[in-house]
Amino acid sequence: MKTPQKILVVISGKRKQHEALLRALKFAELNEVHIHLLNVIYEPILELTDILSSDHRKEMKKEYLADRYLYMNSIAEDLEKKNIKCTTHVEWCREVYEGIEDAVDKIQPDLVIKRISADAMSINPFALPLDRHLLRYCKAPLLLVKHQTWTNSPILAAVDVLAKDDNHVALNKDILEAARLFAKLGGSEIHTVSAYLVHNMSASIDFPTINFEKLSANSAQFHSEKLDGMEKEHEISMAKKHVVAGLPEKVIPNVVKQIDAQLVILGTVARKGISAAFLGNTAESILAELNCEVLALNLANEK
């Protein structure tokens, strides 16, 4: 992941401070950026067709949009005073994610920054909370933030050392490059994590000649060596690595808690159709367990 130059910042309603915008301004300290401010609004009251005439609904919608543009332009004016390029966008959509996805398609940003929703911890797959939906479908790198400023707490990069195909290898590269970038922004220490499967020790009853304990130790060593090689290849020095037995959706949250990470960087696989509607992925499972910020880098999958 290269330093983003075109950033889409999701502004949630009218607030005194916008955490997502404050994070975007950190990138402006590194190089010139163009910040696109996005606000998605919708008023259900305009659906009261028995009470409001068509002309009245159109006039009310126009007033709502004008008021929101006035607010968004006031934020843009403050940024322009700091010599930061800024464009405002107001999308009228019933669902916030639809407005964000439309804006991503139009703007094609290098990064989308959004404050974590209050419902981000939901584990109900049918509720499809906003952040879970964006993790599935957002076509641009997605940074979900919680706090106003970064601290010097660790950054955790979750990689797949077994990746062989070009797309997944490239995704690992993006994750490690992003870790370097965000560590520079926040003055943070980089940690890397790789999860590996534990061999079933009870199988030794059926296969007494196989030393499953040694197999697990060899697997851990293999993952550790691969992780060392990846860090060296991408010039990440002094990173603290974590090679842990278990499933990624369990290992990663545990390591986050252990090191008190402020940000975890991971890859997601976008899906379409039935698989997108009913199948969660590792990133979604991890989000439900985390109490930190998330940077999700997407690997498109058209299957």
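All heavy atoms count here, side chains included; hydrogens, waters and symmetry mates do not.
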Grouping I, L, V, M, F, W and Y whenever their side-chain heavy atoms are under 4.5 Å apart, do Ile175 and Val169 come out in a common cluster? no
Gln5 side, atom CD; Leu111 side, atom CG - distance, nearest 0.5 Å: 12.5 Å
Can you see which heavy atom on Ala24 is nearest to which on Val9, and at what distance? CB-CG2, 3.6 Å
Close side-chain approach of Leu38 and Ile100, heavy atoms under 4.5 Å: yes
So do Val251 and His242 actually touch side chain to side chain, heavy atoms under 4.5 Å? no
Show your reasoning for whether side chain to side chain contact (heavy atoms under 4.5 Å, CB included) applies to Met230 and Val159. CA-CA 9 Å; Met230 291 173 63; Val159 295; 3.9 Å; yes
Look up atom CD1 in Ile252 and atom CD in Glu249, then write down how far apart they are to the nearest 0.5 Å. 8.0 Å
Please check: side-chain N/O of Asp67 versus main-chain N/O of Glu63, any donor-acceptor pairing under 3.5 Å? no
Around atom CG of Asp105, are there more than 12 heavy atoms from other residues, nucleotides or ligands closer than 6.0 Å? yes
Checking side chain to side chain contact (heavy atoms under 4.5 Å, CB included) for the pair Leu143/Val294: CA distance, chi angles, key distance, verdict? CA-CA 6 Å; Leu143 174 61; Val294 176; over 6 Å; no
When you measure from the side chain of Asp110 to the backbone of Lys6, do you find a donor-acceptor pair of N or O atoms at a distance under 3.5 Å? yes
Heavy-atom side-chain contact between Leu37 and His89 under 4.5 Å: no
side-chain hydrogen bond (donor to acceptor under 3.5 Å, both in side chains) partners for Ser153, two or more places apart: Thr151
Are Phe27 and Phe182, when compared by the centres of their aromatic rings, separated by less than 6.0 Å? yes
As a quick check of understanding, evaluate salt bridge (charged side-chain N to carboxylate O under 4.0 Å, His left out) for Glu59 and Lys62, giving each step before the final call. CA-CA 5 Å; Glu59 187 62 29; Lys62 183 178 178 180; 5.1 Å; no
Just checking, is any N or O donor in the side chain of His191 or Glu189 under 3.5 Å from an acceptor N or O on the other one? yes
Let me see the working for Asn152 and Ser188 under side chain to side chain donor-acceptor pair (under 3.5 Å), right down to the final yes or no. CA-CA 5 Å; Asn152 58 358; Ser188 304; over 6 Å; no
Give me the atom names and distance for the closest heavy-atom approach of Leu181 to Pro4. CD2-CD, 3.9 Å
Under 3.5 Å, is there a donor-acceptor pair linking the side chains of Ser194 and Lys226? no
At their closest point, which heavy atom of Ala261 faces which heavy atom of Leu156, and how far apart are they? CB-CB, 4.4 Å
In this structure, NZ of Lys14 is separated from CE of Met72 (nearest 0.5 Å) by 11.0 Å
Please check if the number of heavy atoms outside Lys184 that lie under 6.0 Å from its NZ is greater than 12. no
Could you tell me whether a side-chain N or O of Asn39 sits under 3.5 Å from a main-chain N or O of Ile11, the two making a donor and an acceptor? yes
Go through Asn254 and Val244 one step at a time and tell me if the side chain to side chain contact (heavy atoms under 4.5 Å, CB included) criterion holds. CA-CA 10 Å; Asn254 287 340; Val244 185; over 6 Å; no
For the atom pair OH (Tyr64) and OH (Tyr42), what is the distance rounded to the nearest 0.5 Å? 11.5 Å
Which is it for Glu231 and Leu227 under the side chain to side chain contact (heavy atoms under 4.5 Å, CB included) test, yes or no, and what are the steps along the way? CA-CA 6 Å; Glu231 291 176 1; Leu227 194 53; 3.9 Å; yes
Pairing of Glu293 and Arg23 as salt bridge, 4.0 angstrom limit: yes
Does the side chain of His133 come under 3.5 Å of the side chain of Glu95 through a donor N or O and an acceptor N or O? no
Measure the shortest side-chain to side-chain distance between Lys61 and Glu43 over non-hydrogen atoms and say whether it is less than 4.5 angstrom. no
Where is the tightest heavy-atom contact between Val243 and Ala220, given as atom of each residue plus distance? CG1-O, 3.7 Å
Charged N to carboxylate O under 4.0 angstrom, Lys2 versus Glu177? yes
Can you give me every donor-acceptor pair (side chain of residues 77-88, partner residue at least two apart or in another chain, under 3.5 Å) with its distance?
| from | atom 1 | to | atom 2 | distance (Å) |
| --- | --- | --- | --- | --- |
| Lys85 | NZ | Glu32 | OE2 | 3.0 |
| Thr87 | OG1 | His34 | NE2 | 2.6 |
| Thr88 | OG1 | Asn73 | OD1 | 3.0 |

Would you call Leu142 and Leu295 a side-chain contact if the rule is heavy atoms closer than 4.5 Å? no
At their closest point, which heavy atom of Pro109 faces which heavy atom of Ala140, and how far apart are they? O-CB, 3.7 Å
Does some side-chain heavy atom of Val112 sit less than 4.5 Å from a side-chain heavy atom of Cys138? yes
Residue pair Thr192 / Leu176, side-chain heavy-atom distance below 4.5 Å: yes
Interatomic distance, Leu8 atom CG to Ile113 atom CD1 [nearest 0.5 angstrom]: 9.0 Å
Within-4.5 Å side-chain heavy-atom neighbours: Lys114 and Val145: no
For residues Cys292 and Ile116, report the shortest heavy-atom separation together with the two atoms involved. O-CD1, 3.8 Å
Can you tell me how far the CG atom of Asn218 sits from the OH atom of Tyr196, to the nearest 0.5 Å? 10.5 Å
